[in-house]
Amino acid sequence: MNNLHRRMGTFALTMTGLGSIIGSGWLFGAWRAAQIAGPAAILSWVIGMVVILFIALSYSELGSMFPEAGGMVKYTQYSHGSFIGFIAAWANWIAIVSVIPVEAVASVQYMSSWPWKWAQWTSHLVEKGTLTGEGLAIATVLLIIYFLLNYWTVGLFSKANSLITIFKIVIPGLTIGALLFVGFHGENFTSGSSIAPNGWASVLTAVATSGIVFAFNGFQSPINMAGEAKNPGRAIPIAVVGSILVATVIYLLLQIAFIGAVNPSDIAKGWSHLNFNSPFADLAIALNINWLVIVLYADAFVSPSGTGITYTATTARMIYGMEQNKYLPSVLGRLHPIYGVPRQAMFFNLAVSLVFLFLFRGWGVLAEIISVATLISYITGPVTVMTLRRTGSDLYRPLRLKGLSIIAPLGFIFASLTLYWARWPLTGQVLFIILIGLPIYFYYQAKAKWKGFRQNFKGGVWMVVYLLCMMTISWLGSEKFGGLNVIKYGWDMGIIVVVSLLFYTWALKSGFKTEYLENGRKVNDGLKAAAAETAAAAETAASEES
């Protein structure tokens with residue numbers, strides 16, 4: 001850990017978070033949300049922001065306490081042991097590593113609709129929403145570029161990402177202004193029977209499946225890069241909360257501009273019939289905003305690529321963290337002696353990204369899977385932070401959130417509700433993907449001769465029961481969320497709230513002072529010593545001035 005270079009300041013970390021959030025989500029999210037929820041998609045973004053903010057606040061305290069590479073895959077092991085630690089890490093890693101290929105897919109999908117005569121060959125890159133062989137080849141090249149930009153040093157990544165992120169903020173701003181000024185149809189917001197023509201349940205489903213959770217998922221990046229932060233106690237909470245709030249404003253304005261710019265005749269049969277290959281570029285072409293068309297097609301490479309570059313960096317730190325937890329081979333935990341970058345982990349993630357790219361060739365399918373896997377990994381954050389208030393009460397906390405006893409359970413409930421809103425059978429399919437990772441855990445437990453297995457299993461069995469319970473409720477739940485309608489609409493969400501509180505209570509009682517917490521304590525002690533050193537230096541400087 002000491003070989004990781006602490007060079008990233010608050011601004012660079014905030015740009016890392018914002019750069020992760022504003023990726024392909026802004027190019028496709030407004031269209032998918034409007035398609036699902038109509039004009040009420042605006043509310044979906046607000047709900048999504050609230051859900052993510054409550055969860056992110058828990059992780060902000062954890063990130064400031066343990067500023068280490070790949071922290072998101074370590075915290076739960078500190079509070080509940082290796083069994084649930086593995087489940088949380090596995091879910092989180094699947095959610096994050098699959099973002100890298102989805103960003104490449106997004107760039108190629110926008111490229112496939114280039115309108116110029118000399119670019120007619122690009123129309124063969126995508127067919128029926130999935131990449132062709134040619135499209136896969138270009139996406140593969142993009143993945144290799146993401147990899148190379150992170151290969152030598154975090155400094156190069158940091159500088160490149162900050163520049164790209166600034167560009168990614170400017171382009172959505174120009175898009176918002178152009179669409180609002182040239183082609184705004186106010187009647188689109190009230191077309192149909194109501195602002196939510198597909199029903200209010202669709203507003204909730206849009207939160208989970210349209211790319212909203214997928215977009216906000218980027219708040220994790222500053223936490224996973226915390227091992228390279230200059231002043232983690234100050235930088236991490238500012239970077240996490242700041243990037244979420246700035247991104248929310250951008251996404252809300254984009255959603256309003258998109259809804260207003262659509263030709264009323266295109267939604268005469270309903271918002272669900274609104275189909276675009278390159279949503280904002282198609283709107284710009286229809287409105288004859290030629291300069292914006294060119295800018296959007298350029299940004300379709302820059303925005304997703306910026307996020308792809310960021311996630312290539314953060315997933316390498318996650319693999320590094322999982323190896324430190326003894327979930328993966330030791331070769332993946334080696335740092336380059338000069339550059340301080342976990343190169344073997346980067347090669348591993350590149351290989352996995354290519355597998356995801358070839359298996360799931362469409363943006364929408366990958367975005368849905370990522371969103372649900374992400375929500376599963378989020379479940380443990382609120383539980384972990386509150387458990388450590390008890391089992392690690394003596395730990396140094398640069399950030400101690402007030403009202404966490406209320407924020408944490410609400411975050412757990414909100415994450416559970418959003419997981420349910422994702423609709424059956426998607427919820428069941430992704431929960432199954434998460435659970436099939438368990439043989440890897442059992443293999444490494446067997447290698448360790450099942451040392452401490454009973455206590456670790458007891459500390460995390462609630463998570464397995466929780467996932468199975470959520471799967472069952474989703475299957476039996478309201479038809480509005482894809483279920484059998486055994487549990488009626490309204491009652492289903494009431495049951496989720498009650499069940500969530502029961503599991504939250506069980507989870508808190510399952511926490512114990514794990515052996516792994518000592519590793520976290522070393523990181524925490526180093527942080528405390530550095531803070532004391534800084535304070536002493538400041539006091540000395542002040543006394544000399546006086």
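Since we're looking at a predicted model, the values are computed, not measured.
For the pair A208 and V213, the tightest heavy-atom approach, listed with the atom from each and the gap, is CA-CG2, 4.3 Å. Smallest separation of non-hydrogen atoms from A206 and A37: CB-CB, 4.2 Å. When all heavy atoms are compared, the tightest approach of L292 to A284 is CD2-CB, 4.0 Å. A pairwise comparison of heavy atoms in L131 and A139 identifies CD1-CB, 4.0 Å as the closest pair. Pairing each heavy atom of H124 with each of E134, the nearest pair is CB-OE1, 3.4 Å. The shortest non-hydrogen separation linking S278 to Y297 is OG-CE2, 4.3 Å.
Going from atom CH2 of W114 over to atom OG of S123 covers 12.0 Å, rounded to the nearest 0.5 Å. Atom CG of residue L274 and atom CZ of residue R32 lie 11.0 Å apart, to the nearest 0.5 angstrom. From I238, atom CD1 reaches atom OG1 of T14 across 7.0 Å, with rounding to the nearest 0.5 Å. Taking CG from L57 and CD1 from I52, the interatomic distance works out to 11.0 Å, rounded to the nearest 0.5 Å. To the nearest 0.5 angstrom, S98 atom OG is 11.5 Å from L357 atom CG. Here the CG-OG distance, from L53 to S58, works out to 10.0 Å after rounding to the nearest 0.5 Å.
For T132 (side chain) and L125 (main-chain N/O), a donor-acceptor pair under 3.5 Å exists by modelled atom type. Listed for the S44 side chain is a donor-acceptor partner under 3.5 Å among the backbone atoms of V203. A donor-acceptor contact shorter than 3.5 Å is absent between the side chain of S210 and the backbone of V207. Looking only at distances, a side-chain donor or acceptor of S107 sits under 3.5 Å from a matching main-chain atom of A300. At distances below 3.5 Å, not a single donor-acceptor pair connects side-chain atoms of Y59 with backbone N or O atoms of V240.
Counting only heavy atoms from C-beta outward, the side chains of Q109 and F28 approach each other to under 4.5 Å. Between F358 and T140, some side-chain heavy-atom pair lies under the 4.5 Å cut-off. Between F481 and T205 the shortest side-chain heavy-atom distance falls below 4.5 Å. Taking 4.5 Å as the limit, some side-chain heavy atom of M49 sits within range of a side-chain heavy atom of F216. Taking the side chain as every heavy atom from C-beta outward, D299 and F280 never approach each other to under 4.5 Å. The side-chain heavy atoms of V293 and I289, taken from C-beta on, include no pair separated by under 4.5 Å.
Annotation: ring pair (Phe, Tyr, Trp, His ring centres under 6.0 Å) contacts of F184 (sequence neighbours excluded): F189.
Between F219 and Y378, a ring centre-to-centre spacing shorter than 6.0 Å is recorded.
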For the pair Y420 and S478, evaluate side chain to side chain contact (heavy atoms under 4.5 Å, CB included) and give the outcome as yes or no after the intermediate values.
CA-CA 10 Å; Y420 174 70; S478 166; 3.9 Å; yes
Step-by-step side chain to side chain contact (heavy atoms under 4.5 Å, CB included) determination, F147 to N349:
CA-CA 9 Å; F147 171 84; N349 280 321; over 6 Å; no
W31 vs W271, side chain to side chain contact (heavy atoms under 4.5 Å, CB included): CA-CA, chis, key distance, verdict:
CA-CA 10 Å; W31 159 64; W271 287 91; over 6 Å; no
M493 and L204: side chain to side chain contact (heavy atoms under 4.5 Å, CB included), yes or no, with the steps?
CA-CA 11 Å; M493 286 185 279; L204 305 176; 3.8 Å; yes
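Note on ring orientation: taking the six-membered ring where Trp is involved, the planes of W118 and W116 are parallel (angle under 30°, cut-offs 30° and 60°).
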Pair up each side-chain donor or acceptor in residues 411-418 with any protein partner under 3.5 Å, not counting sequence neighbours, and list the distances.
unit_1	atom_1	unit_2	atom_2	d
S416	OG	F412	O	2.9
S416	OG	Y466	OH	2.7
S416	OG	S500	OG	3.2
T418	OG1	F414	O	2.7

When the side chains of residues 244-266 are checked against the rest of the protein, which donor-acceptor pairs come out under 3.5 Å, sequence neighbours left out?
unit_1	atom_1	unit_2	atom_2	d
T248	OG1	I244	O	2.7
Y251	OH	I21	O	2.8
Y251	OH	W26	N	3.4
Q255	OE1	W45	NE1	2.7
Q255	NE2	A30	O	3.0
N263	OD1	S265	N	3.0
N263	OD1	S265	OG	2.9

